[in-house]
Amino acid sequence: MNGSGSFREIKIQLWDTGGLERVASITNSYYKFSEAALLVFSLASLESFHSLSHHLLEILSMAENAKIFLVGNKVDLKQREVSDEDIDLFMEQFPKFSGFFKVSAKTNEGIVEMWSDISEKLAVGSYKANIGAFKLHSPELNVGEEPESSSSGCC
């Protein structure tokens, strides 16, 4: 991730349930501490798009603080069943989304941009959530500022 002219490494762990009912019992435990959820659907399948609301409600009830990203896959295909109007209406009904991406897992179109944006939003959220820990060593630090490195300190 490139922020403020410097690069930072971020580790992201992914769990792909594929929306399968047979793994529903174990996916519930993963939701609890998730910082993000990606709702992926096929732009070429209305059926996959219509199943989103069920999965979204699951996420909202079990991962209350997670940032939710909507991802339309198969943007490389010419024939689409899901229109931009369908997507806009869905996003208006559920304003909890932190971002929307159109990607192609086949051609990698939009993939780098998606992960860059998600990484940045998660890093900023994590930094703001832990600002109190930074204030212990730098009492004049304001939210949005980066902590100054100091040679004095315990760790």
- request: Determine whether more than 12 heavy atoms belonging to other residues, nucleotides or ligands lie under 6.0 Å from atom CD of Gln93.
  value: yes

- request: Calculate, to the nearest 0.5 Å, the distance between atoms CG and NZ belonging to Leu43 and Lys102 respectively.
  value: 6.5 Å

- prompt: Would you say the side chain of Phe97 lies within less than 4.5 Å of the side chain of Leu56, judging by non-hydrogen atoms?
  reply: yes

Worked check of side chain to side chain contact (heavy atoms under 4.5 Å, CB included) between His55 and Ser51: CA-CA 7 Å; His55 297 294; Ser51 70; 4.1 Å; yes

task: Quick one: list whatever passes ring pair (Phe, Tyr, Trp, His ring centres under 6.0 Å) with Phe49, sequence neighbours left out.
output: Phe41, Phe90

message: What verdict does the side chain to side chain contact (heavy atoms under 4.5 Å, CB included) test give for Asn108 and Val103, after you've listed the backbone C-alpha separation in whole Å, the side-chain angles of each residue and the deciding distance to 0.1 Å?
response: CA-CA 7 Å; Asn108 286 330; Val103 301; over 6 Å; no

task: Could you go through the side chain to side chain contact (heavy atoms under 4.5 Å, CB included) check for Met91 and Phe100 one step at a time?
output: CA-CA 9 Å; Met91 291 183 71; Phe100 169 63; 3.6 Å; yes

- prompt: Nearest 0.5 Å, what's the OG-CG distance between Ser48 and Leu39?
  reply: 11.0 Å

field: Over 12 non-hydrogen atoms of neighbours within 6.0 angstrom of NZ in Lys96
entry: yes

Enumerate donor-acceptor pairs with a distance under 3.5 Å from any side-chain N or O in residues 68-80 to protein atoms, sequence neighbours excluded.
from	atom 1	to	atom 2	distance (Å)
Asn73	OD1	Ala105	N	3.0
Asp76	OD1	Ser104	OG	2.7
Arg80	NH2	Val75	O	3.0

field: Separation of Lys121 NZ from Glu35 CD (nearest 0.5 Å)
entry: 15.0 Å

- line: Value for CD1 (Ile12) from CG (Leu38), rounded to nearest 0.5 Å, stands at 9.0 Å

statement: Taken to the nearest 0.5 Å, the spacing of Ile59 CD1 from Glu64 CD works out to 13.0 Å

field: Any donor-acceptor pair under 3.5 Å from Asp86 side chain to Ser83 backbone
entry: yes

Atom of Val82, atom of Ser45 and distance for their closest heavy-atom approach: CG2-O, 3.7 Å

message: Working to the nearest 0.5 angstrom, can you tell me the gap between Lys67 NZ and Ile118 CD1?
response: 11.5 Å

